[in-house]
Amino acid sequence: QVQLVESGGGLVQAGDSLRLSCVASGRTVSDYNMGWFRQAPGKEREFVAANDWTGRTSVYAESVRGRFTITRDDIENTLYLQMNSLTPEDTGTYYCAAGASYASERSGEYDYWGQGTQVTVSS
């Protein structure tokens, strides 16, 4: 079992940047392929980014490619999502996930989830 705790969300203006963190406990992040997803109220959970257990292979949703970067730090046991040039369409609750068999875009592939951190981007 691995426990995941997200942080770093907040209220920002369009064009601003945020860095989200997901701290893992119980296991190390190098044990898992991991990803970031987001969800607005009443909406389906949406893929954002993922990378494999080495952190060297990354996949991004088309809507965030070139603006967001997913990384991990094995020493800090943390997965990060650097978000630049934020827009109101990026608003939602952001979740990190672990346990997919690859760097998957499908939420159903992941076994473990954090509680989420809220990101709100104003115009």
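This structure is a prediction, so every number in the text was calculated from the model and none was measured.
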With a 3.5 Å distance limit and no angle check, can you tell me whether [X] reaches the backbone of [Y] through a side-chain donor-acceptor pair?
X	Y	value
Thr78	Asp73	no
Arg67	Ser63	yes
Gln39	Glu46	no
Glu6	Thr117	no
Asp90	Asn84	no
Tyr60	Ile70	yes

**OP:** Please list, chain by chain and in numerical order, all residues satisfying side chain to side chain donor-acceptor pair (under 3.5 Å) with Asn33, sequence neighbours excluded.
**Re:**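 Residues passing side chain to side chain donor-acceptor pair (under 3.5 Å) with Asn33: none at all.
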
Original post:
Should the pair Phe47 and Phe37 be assigned to parallel (<30°), tilted (30 to 60°) or perpendicular (>60°) ring geometry?
Top reply: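 The rings of Phe47 and Phe37 stand perpendicular, inter-plane angle above 60°.
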
Between [Y] and [X], is there a side-chain heavy-atom distance shorter than 4.5 Å?
X	Y	value
Val59	Asn51	no
Glu89	Thr91	no
Cys22	Trp36	yes

Original post:
Are Val64 and Tyr110 grouped together when hydrophobic residues (ILVMFWY) are joined by side-chain heavy atoms under 4.5 angstrom apart?
Top reply: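 No: no chain of side-chain contacts under 4.5 Å links Val64 to Tyr110.
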
Original post:
Can Trp53 be reached from Leu4 by stepping across I, L, V, M, F, W or Y side chains whose heavy atoms are under 4.5 Å apart?
Top reply: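 Leu4 does not cluster with Trp53.
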
Kindly check if the number of other-residue, nucleotide or ligand heavy atoms within 6.0 Å of [atom1] ([X]) is above 12?
X	atom1	value
Arg65	CZ	yes
Gln3	CD	yes
Gln118	CD	yes

Original post:
At their closest point, which heavy atom of Leu79 faces which heavy atom of Gly35, and how far apart are they?
Top reply: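 It is CD2-O, 4.1 Å.
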
Subject >> Lys NZ or Arg CZ of Arg72 over Tyr80 ring: under 6.0 Å, within 45° >> reply: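 No cation-pi geometry.
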
